[in-house]
Every structure is written in structure tokens, then in C-alpha cells.
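Quick notes on the structure that follows.
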Protein chains: 2
Amino acid sequence: MVETGRSLMEAVRERCGRCPGRSVSICNVIEDQDLPALVAESSRVVVQAGRCFIQEGAPAHDFYVLTGGRAKLFSLMPDGRRQIVGFAEVGDFLGLASSESYAFTAEALGEVTLCRFPHSAIDRLVERFPRLHGRLQQEASSELVKMQARLMLLGRKTARERLASFLVEQASPCCAHALKDEHGPLTLSLPMSRTDIADYLGLTIETVSRTFSLFRKEGLISIRGASSVTLLSPGLLSDMAGGIKRS
Amino acid sequence: MVETGRSLMEAVRERCGRCPGRSVSICNVIEDQDLPALVAESSRVVVQAGRCFIQEGAPAHDFYVLTGGRAKLFSLMPDGRRQIVGFAEVGDFLGLASSESYAFTAEALGEVTLCRFPHSAIDRLVERFPRLHGRLQQEASSELVKMQARLMLLGRKTARERLASFLVEQASPCCAHALKDEHGPLTLSLPMSRTDIADYLGLTIETVSRTFSLFRKEGLISIRGASSVTLLSPGLLSDMAGGIKRS
DNA sequence: CCCATTTTTTGATATAGATCAATTTCTAGA
DNA sequence: TCTAGAAATTGATCTATATCAAAAAATGGG
């Protein structure tokens, strides 16, 4: 099925026109006039809450750019132990994990929209738009750096430090500078359950809950209905996340 | 300083002729006749035991291909807590971690030899040898998959499972197939200290030592002088590493 | 709006692994 | 080969977090 130039232009306007991923994903190295090539090589995917769009162990045929919503990425052990290896946000490039088969499962938290690129399509696009090379490399490198920080978190940080790190990480897409300076309260909406947070931080749900309560009693955060958290002292939390004890 | 064609050819013979990394590193997508370009863009580095060749936080100017020996890669917290994020082996591509500054320190375990490529050199080489793109991407992807496995290890595995995973991982470069089948004993020489193993596995040195002793008493391994370990039941250890309990 | 179900919080207790403290075993230099 | 210092092992005890068990709060369908 070949799209006509006309309908392709319409597709570009529809898909990329107001895409929140346009400026933060790998697409940001593509000029507006070249978007049709991207749209022609990819397809839009909508995934409902709780559904998986990448399956651990399945043959890896596609890459994805997340353009709406959030997703959790995890692997399982045979007995059901679960480790969440990351939360994906708008702009993230997924599926890079392996050449043969996916190393993790990706499940939508709320409704998720994606652009799916078959591996062959990425190959063609990279050939046509050389700047994509560097951009993909950059994506992989930044993911690698995040992974190293997570290893430190899981290997060496206490429960308090882990939760503080998580809150600061969730906050940083919003306002990175607010954490350094002693800026005011910062409200986050957490789309993931306590179980998800526990499986991300290598803790149990009870420890996560208790630590949230402790932070609340200490005046570090305030909680509204389990999914809305306000960081009352972002600076203190940021220091705690890094293992720094204030006098 | 421009090398003459003559001395460049000599340098290629000397550097690449018997390089153990030739067939396993990113160099394996470069034809023999193109090696001079690689040699011209890189420099050989020799690092003595215990010395660092990448410093966490330092500006990242170079990439490295490890061509001899082994290295430990780690990050530190302000109070000295340490997490080893990986052990590098012959063929590994290092420095990919970040665009601005290195995210970890790399320290030689024993003498290490490297080929150092400035970022700009890699850019030129990638342009000249397009196959390098895919090879670099592959390197990043495989590292990412390893990282995900390490997250599971640190977040969800027991001390026994962690040490079993470590031993199996150390063994796999040697003989991957010997682990699946019920093949015979497999001797490893571990160039890293118990402290290094502990900081890699998110445990204390005492727990690592105790777990080694337990494995020995259970007939899973035999130990000769702390750095030489023989896996007596690689299959059992492999199952334990994956969280599988045999009847 | 209400009730059944699920999720979260809180409490009591258990335990894997950490910490503190000796020994023992290696290793490198004389 | 011997020996001092370092590294590893082993033992005793502690503790942060897990586990088990309710209670409380949130959520969603009718």
C-alpha cells in the first residue's frame, strides 16, 4: 500500500504537527521538510493502560519512540521476582536493548502513543539522515549513564536514599534547576503504583510506603491520594539522594 | 607530526598484528587494508596495575578499545561507598558512557593496554567506514542489556544468586556452551579482589567470602589461593544464578 | 452515592546480610 | 626461605529491611 504525496502530507501534519516528542526525541535532528520520510517509514501505535508493547524474549523487530504517556520497563525471574529497569517518558527511544530479542517487557502506564520503526526502516533513515547516527548514539549513551546511576542506587544506597533519588528523578524532567537552588514546593503526579516503585528501587511495597510516611512526618513531602506527591524541600531530598547528610 | 607511509605500516603490524582485540572489538568491521586509517587516528596506551585511565567527572575527550588485560569500572559516593558498574575485558569499547564527562572511573587490574581514539577521530572513522555505525550501536546495545541484568542482580537476587551470577559471567567468555550442558569443571582466574567482587555485587567483603566458603563446602566450587576458582558444577551454578532451584 | 475490591498504610516479628572483631592465609620483598 | 603487611576467612552480634498480618484508605462499577 503506497500512500500518495497528498495523504502523506496529511499524515505528517496529524502525526508530527503537535507531537510532544518532536523536540525531545531522535526526531529533533530531522528538519520539518524531511518529516515525510520519517512518517513513511514508521507507524503510529496506541497502547491501552496495562497492555504490553514489548515482550521480554520476543524477537526484536522494531524500535519505538514514545510520543505520549509513560511506560514501565521490567524483566522477570522464573519465580516472579520483578525488576523495573526504567520508566519511559515522552521522547524516549525504546527497543535499543538488544539485537536478537528484547531484554525487557514494556507496559503502558495509562494510555501510551508510540511511533514504531522497523529495524530496516531505521537503517534506511540513518543512511539518508546521517545526523541520526550521532543522535542514536547519544540516546544510548545517556541511557547507559542512567543505568550506572541505578546500579549505585540498587547496590549501595539505603531505602531513604533510594526513595529520595526516585522522587528527585521524577521531578527533574519538570524543573532541573529547582532542585539545586532552594526553590519552593514541587508537585509530582506519579502514574505508577507503590508496587512499581518498590520493584524499581529493589525494595518491598511496605518499605516504600513506610519511607513515604517517614518523609511526610519529617516535613520533606506532602501526599495527596498516593499518586500526588509534593516535594517540600527539594534541596534536602536531592542531597539525601546523593548520600549527603546536612548538618 | 606526520607519520610516513612506511612507519605507519610498521605501526599497523606492531599494533594490530597480534592484537587480541582485533577480532572481538569494533575493529572487526574494518578490513586489514584499512587498518592504517585506524592506527593513524588512535594511539596506544599502556596503564600499570592500579592506575586509572578514565576519571569519573573528568571531561570525556576519548574513547578506548581495551586490547590487553582487564579493568574495573566504578563510581563513588561522597562518603566513599563504591559501586563497580562493570569489569572491562579485551575488545570492550569504553568511554561511551557520556557526552560531557565520564560517568565512572576505570582502573587497571594488572597491566592494561588500550587504543585511545579522540571523539573527533571516531567521528571521522565512522564517516569513512559506515559499518562502524552499526558496530558501535551494537556495542552500546549489548552493554545496555548487561546493565539490565545487573539491575536484576542488585535489586532482586540473594547473595548466593549474585555470586553464582558473577562466577557464571566470569566463565562465559571462556566457554559459553559448557554452562548449559553438564560439562566438566571449569577453572577461572579472578584478577579482582574480594573487595572488588563485593562492590560489584552490592555486598560486603565478608558476605562474599562466606558465600565462597559455602559453595566450597557444598561441592559447587574449589578454591586455590583466593584468585583461582574451579566451577565443579557449572550447570547448577548457572541455574542458581537464574533463580532456578533444582529438585 | 454506595459498596465491593484493590491498594496502601501501619504494626509485629523474623532474617539475610551488615558490622565489629579476631584469626588465618596469602604475598612480596629481603 | 623467611617475614611483615595485606588480604581473606571465620565468628559473634546487630540492624535495616523483609515478611506476615491487619486495618485503613482509595477506587471504580452499578
Side-chain angles (χ1 to χ4, degrees), chain A residues 48-50 72 77 79-83 109-111 153-167 189-218 221-229 240 243 245, chain B residues 48-50 72 77 79-83 109-111 153-167 189-218 221-229 240 243 245:
Chain A
Q48 287 169 317
K72 58 185 176 195
M77 288 178 67
D79 62 1
R81 275 176 283 174
R82 192 175 69 147
Q83 179 64 45
L109 293 163
E111 189 176 278
L153 181 145
L154 293 174
R156 290 302 182 211
K157 289 188 184 177
T158 65
R160 287 170 64 87
E161 288 165 350
R162 293 182 200 199
L163 190 63
S165 302
F166 170 75
L167 292 173
S189 71
L190 305 174
M192 65 292 284
S193 67
R194 292 287 185 269
T195 303
D196 288 341
I197 298 173
D199 285 346
Y200 182 56
L201 300 180
L203 301 169
T204 59
I205 177 175
E206 293 95 333
T207 298
V208 169
S209 183
R210 272 184 247 276
T211 309
F212 264 116
S213 298
L214 268 169
F215 283 2
R216 186 166 43 71
K217 284 169 195 156
E218 292 169 10
I221 62 173
S222 78
I223 303 176
R224 262 219 164 290
S227 74
S228 173
V229 177
M240 189 190 297
K245 280 174 198 125
Chain B
Q48 287 170 315
K72 58 185 176 194
M77 287 178 67
D79 62 2
R81 276 176 282 176
R82 192 175 70 146
Q83 179 64 44
L109 293 163
E111 189 176 278
L153 181 145
L154 292 174
R156 290 303 182 209
K157 289 187 185 179
T158 65
R160 287 170 63 87
E161 289 165 350
R162 292 182 201 199
L163 189 62
S165 302
F166 170 75
L167 292 172
S189 71
L190 304 175
M192 65 291 283
S193 68
R194 291 288 187 267
T195 303
D196 289 340
I197 298 173
D199 284 346
Y200 181 56
L201 300 179
L203 301 170
T204 58
I205 177 177
E206 293 95 332
T207 298
V208 169
S209 183
R210 273 185 247 277
T211 309
F212 265 116
S213 298
L214 269 169
F215 283 1
R216 187 167 42 69
K217 283 170 196 156
E218 293 169 10
I221 63 173
S222 78
I223 302 175
R224 263 217 163 291
S227 75
S228 172
V229 176
M240 189 191 297
K245 281 175 197 124

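In the text below, chain A, chain B and the rest are named by the order of the sequence lines, each starting its count at 1. Below, all heavy atoms of this structure are taken into account, side chains as well, without hydrogens, waters or symmetry copies.
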- Note on the structure: On DNA chain D, more 5' by nearest nucleotide between A:Val208 and A:Gly225 is A:Val208

From [options], nucleotide with atom closest to [X] side chain:
X: A:Thr207; options: D:dT17, C:dT9, C:dA18; result: D:dT17
X: B:Ser213; options: D:dT10, C:dT19, D:dA18; result: D:dT10
X: B:Glu206; options: C:dT9, D:dA8, C:dC20; result: C:dC20
X: A:Thr195; options: D:dT17, C:dT8, C:dG17; result: C:dT8

Round to a whole Å and report the spacing from [atom1] of [X] to [atom2] of [N].
X: B:Arg194; N: D:dA6; atom1: CZ; atom2: C1'; value: 14 Å
X: A:Asp199; N: D:dA18; atom1: CG; atom2: C1'; value: 14 Å
X: B:Leu154; N: C:dG17; atom1: CG; atom2: C1'; value: 14 Å
X: A:Lys217; N: C:dT9; atom1: NZ; atom2: P; value: 11 Å
X: B:Ile205; N: C:dG17; atom1: CD1; atom2: C1'; value: 15 Å
X: B:Glu161; N: C:dA16; atom1: CD; atom2: C1'; value: 12 Å
X: A:Leu214; N: D:dA16; atom1: CG; atom2: C1'; value: 12 Å
X: B:Asp196; N: D:dA7; atom1: CG; atom2: C1'; value: 12 Å

- Message: For a quick check of understanding: with a heavy-atom distance under 4.0 Å over all strands, which category does A:Ser209 fall into, base, sugar-phosphate or nothing?
- Response: base

- Would you mind classifying the nucleic acid contact of A:Arg216 as base, sugar-phosphate or nothing, using non-hydrogen atoms under 4.0 angstrom? sugar-phosphate

Closest approach of [X] and [Y], non-hydrogen atoms and distance?
X: B:Leu153; Y: B:Ser165; result: CD1-CB, 3.6 Å
X: A:Gln83; Y: A:Asp199; result: NE2-O, 3.0 Å
X: A:Leu163; Y: A:Phe212; result: CD2-N, 3.7 Å

- Message: At less than 3.5 Å, do the side-chain atoms of B:Arg210 and the base atoms of D:dG11 form a donor-acceptor pair?
- Response: yes

- Query: Quick one: does B:Arg162's side chain have a donor or acceptor within less than 3.5 Å of a partner on B:Lys157's backbone?
  - Reply: yes

- Task: Kindly compute the distance separating CD1 (B:Ile205) from CG (B:Leu203), expressed to the nearest 0.5 Å.
- Result: 11.5 Å

- Message: To the nearest 0.5 Å, what is the distance between CZ on B:Arg156 and CG on A:Asp79?
- Response: 11.0 Å

- Task: Would you check, one step at a time, whether the test side-chain contact (heavy atoms from CB on, under 4.5 Å) holds for A:Arg82 with A:Thr195?
- Result: CA-CA 10 Å; A:Arg82 192 175 69 147; A:Thr195 303; 4.0 Å; yes

- Task: Give me the bend of the helix from C:dC1-D:dG30 to C:dA30-D:dT1, using the axes of the five pairs at each end, rounded to 10°.
- Result: 60°

